Amino acid sequence: MKKSFGMLVLTTLLVGSFGASAAQAGYCGVASYESCPDRGVVPCGDFCEAKVCCVGYKTVKDVVWETQTYTCTQTVYDTIHEQVPYTCTRKVHETCWREETYEVCRPQMKTCYREKTITCRRPVYKTCYREKCVTTRRPVYTTCYKDVCYTVRKPVYKTCHREKTITCRRPVYKTCYEEVQCTTWKTQHETCYKDVCYTVCKPVHYTKTVDVCCGEWQTVMEPCPVDPGCGQTAKTCAVPEQTSAVVDKSCAAPAAQSPRMICRKVWVPKVVQKTVCCTRYEQEVCTKKVPYTVCRKVPCTVTKRVPRVSCEWVEECKTIRIPYTTCEWVTECCTKRVPYTSCEWVEECKTVRVPYTTCEWVEECKTVRVPYVTCEMVRECKTRKVPYTTCREVCETRYRTVCRKVPREVCVTKTRCVPRTVCRTVMCDPGCADTACTETGNTH
């Protein structure tokens, strides 16, 4: 196992020493296939196919002026009136009070009583009655009735009718029709056609021959040189790791022979011409008829039947009954009972009790309390409030009207012309090496 591993390492080292130069020679001077561009190489089967050249386009920029409405702000100043406070001082007079003590003498009156015996007489009144006979007259009223005749007149109303012949006129309406010609306008629509040009792109198919890089893998037998240092011990040649050669076990030389042969596959490139189908687009101007409708007013004469109302007054004789009222006064005699009052005086004797008052004086001894007033002067201390005026300054805030300008932003709509770049695609000459096609990126 160790011997076979040593031979494999030796073979790898020998192949790596000259494999790089051989690979460069096999790739026609190119280090590897990685340097070939990927664009246009499409795998086909196990190998690469031809590069496909496509139809290219380029972009042309046109400047178009458009009307654009934009909104900007404009500063407008408004005049406002506002109240601005300011501070001022004013003098305020205040009335203050201070307490002041003073002494006064006031009289103090005192009521005293002393007892005194007096003799007095008091009247004693007594009511007595005496009988007295008096003659009085009183009226006696009597209600009587008497018959009185009187004459009255009352109106008697009566409704009568009288006939009267009158002549009246009544209207008779009659409707007639007359034909009137009038001119009206009617709308007439007409379809017209106009020629409109438009551009279409038509595909044009064509073929061209292109060179396609391809190749094939070939098996090459190469001798494996023997390293003098490892020839006594190693039984197998080592193959370098950098090379892509594959050792074929069937063609390996026996361990006793020298030098040994190894097999590896080498890519052999070749150029093949291939016919490719391409398509390009050509612009063609076409014309088509576009219908449009024309509207116009056409006069026309119309006959109408217009009604006309005629009025005739017809006289008629009529007999009507006119009511009227008559009034007659009728005299009647009526009787009514009228009451009256009679008065008679009747004398009467009555006994009445007449009161009278008698007075007797009776002496009595009484003890009475006689008041008398004494006066004493008493000293007192009193407190009174004495007013005095003080002056102090007071700060107060007053307002005055001040005018000032206040700016504000107002949106204003304006119109301006703005250039705009319009891109359009124009076909260019085909070919993969065309720079314009490559820049536009329109490759197929």
Side-chain angles (χ1 to χ4, degrees), residues 19-67 191-220 244-246 264-293 417-444:
S21 59
Q24 292 180 0
Y27 296 152
C28 299
V30 182
S32 63
Y33 279 97
E34 295 178 357
S35 60
C36 294
D38 296 335
R39 179 172 54 87
V41 179
V42 180
C44 180
D46 296 334
F47 305 103
C48 299
E49 282 192 348
K51 297 178 183 178
V52 179
C53 293
C54 59
V55 177
Y57 295 89
K58 65 178 180 179
T59 302
V60 179
K61 296 182 179 180
D62 296 336
V63 178
V64 179
W65 292 88
E66 294 182 345
T67 301
T191 302
C192 301
Y193 293 89
K194 62 180 179 180
D195 294 335
V196 177
C197 297
Y198 64 98
T199 304
V200 296
C201 292
K202 289 187 177 181
V204 177
H205 301 282
Y206 65 95
T207 59
K208 68 176 180 177
T209 303
V210 295
D211 295 336
V212 179
C213 295
C214 59
E216 61 182 3
W217 291 95
Q218 295 181 2
T219 303
V220 179
S244 58
V246 180
R264 68 183 185 93
K265 289 187 177 183
V266 179
W267 174 259
V268 179
K270 62 180 178 179
V271 177
V272 179
Q273 288 188 349
K274 190 174 182 180
T275 302
V276 181
C277 294
C278 298
T279 304
R280 71 171 181 271
Y281 288 87
E282 294 181 356
Q283 293 185 354
E284 182 179 351
V285 179
C286 300
T287 303
K288 65 178 179 180
K289 289 189 176 182
V290 178
Y292 64 95
T293 303
C417 291
V418 179
R420 184 172 65 91
T421 302
V422 180
C423 297
R424 59 188 182 90
T425 304
V426 181
M427 296 178 57
C428 64
D429 294 336
C432 296
D434 193 355
T435 307
C437 297
T438 308
E439 291 177 356
T440 55
N442 297 327
T443 57
H444 298 280

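Heavy-atom basis, side chains included; hydrogens, waters and symmetry copies ignored. Numbering starts at 1 and runs along the sequence shown. Since we're looking at a predicted model, the values are computed, not measured.
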Checklist line | Contacts of type side chain to side chain contact (heavy atoms under 4.5 Å, CB included), residue Thr199, not counting sequence neighbours | finding: Gln283, Val285
Note to self: Within the structure provided, determine whether Thr219 and Trp217 are in side-chain contact (heavy-atom separation under 4.5 Å).
What the structure shows: no
Margin query: To check you understand the geometry: which heavy-atom pair defines the closest contact between Cys417 and Trp65, and what is its length?
Written below: O-CZ3, 3.9 Å
Notebook entry, point to check: Taking only residues two or more places apart in sequence or in another chain, which ones pass salt bridge (charged side-chain N to carboxylate O under 4.0 Å, His left out) with Lys194?
Noted result: none
Check: Partners of Asp62 by salt bridge (charged side-chain N to carboxylate O under 4.0 Å, His left out), sequence neighbours excluded?
Finding: Arg424
Next item on the list: Count the heavy atoms belonging to other residues, nucleotides or ligands that lie under 6.0 Å from OH of Tyr193, then report whether that count exceeds 12.
Entry: no
Check: Asp195 and Lys289: side-chain contact (heavy atoms from CB on, under 4.5 Å), yes or no, with the steps?
Finding: CA-CA 5 Å; Asp195 294 335; Lys289 289 189 176 182; 3.2 Å; yes
Item checked: Working for side-chain contact (heavy atoms from CB on, under 4.5 Å), residues Glu284 and Cys286 -> CA-CA 6 Å; Glu284 182 179 351; Cys286 300; 4.3 Å; yes
Check: Roughly how far apart are Lys270 NZ and Cys213 SG, rounded to 0.5 Å?
Finding: 12.0 Å
